[in-house]
Amino acid sequence: MSPMFRRSDRRTQSRAPEERLVTLIGKPGCHLCDDAQEVIEKVCADLGVPWEKKDITEDEELHRQYWEQIPVVLVDGAQHTFWRVNEERLRKALAR
């Protein structure tokens, strides 16, 4: 197959906003988690991207993996950031 006709790698293709997913991993009583949620809610609402929240106190694997980094933000299952969420950086990640 000619290189010109190869299919693009799925990771490099733009996806519709509703096909994206932002995940906030945190815990109750975490002020940084609350701050992160505000940014995520705003950006996701503006762009029409769904988001979810996961509590490390209810998931042993998430606790083991992320407890020192919360809040952690995943974009489409890949770690995007931790501790603080930059609104512009999140917008750019979701625009790809």
Donor-acceptor pairs are to be reported for all side-chain atoms of residues 40-49 against protein atoms at under 3.5 Å, with residues two or more places apart or in another chain.
residue	atom	partner	partner atom	Å
E41	OE2	Q37	NE2	2.9
K42	NZ	E87	OE2	3.3
D46	OD2	R91	NH2	2.5

Taking distance alone, no hydrogens or angles, what donor-acceptor pairs closer than 3.5 Å link side-chain atoms of residues 20-28 to residues at least two apart or in another chain?
residue	atom	partner	partner atom	Å
R20	NE	D76	OD2	2.6
R20	NH1	L94	O	3.0
R20	NH1	R96	O	3.1
R20	NH2	D76	OD2	2.6
T23	OG1	E52	OE2	2.8

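Put simply, CG on D59 and NZ on K54 are 7.0 Å apart, with the number rounded to the nearest 0.5 Å. Here NE2 of H63 is found 12.0 Å from CD of E58. Values are rounded to the nearest 0.5 Å. In this structure, CG in L74 is found 4.5 Å from OH in Y66, a value given to the nearest 0.5 Å.
R84 is linked by a side chain to side chain donor-acceptor pair (under 3.5 Å) to nothing, counting only residues two or more places apart in sequence or in another chain. By the side chain to side chain donor-acceptor pair (under 3.5 Å) test, E61 pairs with R64, sequence neighbours left out. Take Q69 and apply the side chain to side chain donor-acceptor pair (under 3.5 Å) test, not counting sequence neighbours, and it matches Q79. Taking the side chain to side chain contact (heavy atoms under 4.5 Å, CB included) definition, one finds that A78 meets it with nothing, sequence neighbours left out.
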Worksheet entry | Residues I56, I70; criterion side chain to side chain contact (heavy atoms under 4.5 Å, CB included); working and verdict | CA-CA 9 Å; I56 66 165; I70 63 165; 4.0 Å; yes

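You'll find the side chain of W67 stays beyond 4.5 Å of the side chain of V72, heavy atoms only.
In this structure, E19 contributes its side chain and A16 its backbone to a donor-acceptor pair below 3.5 Å.
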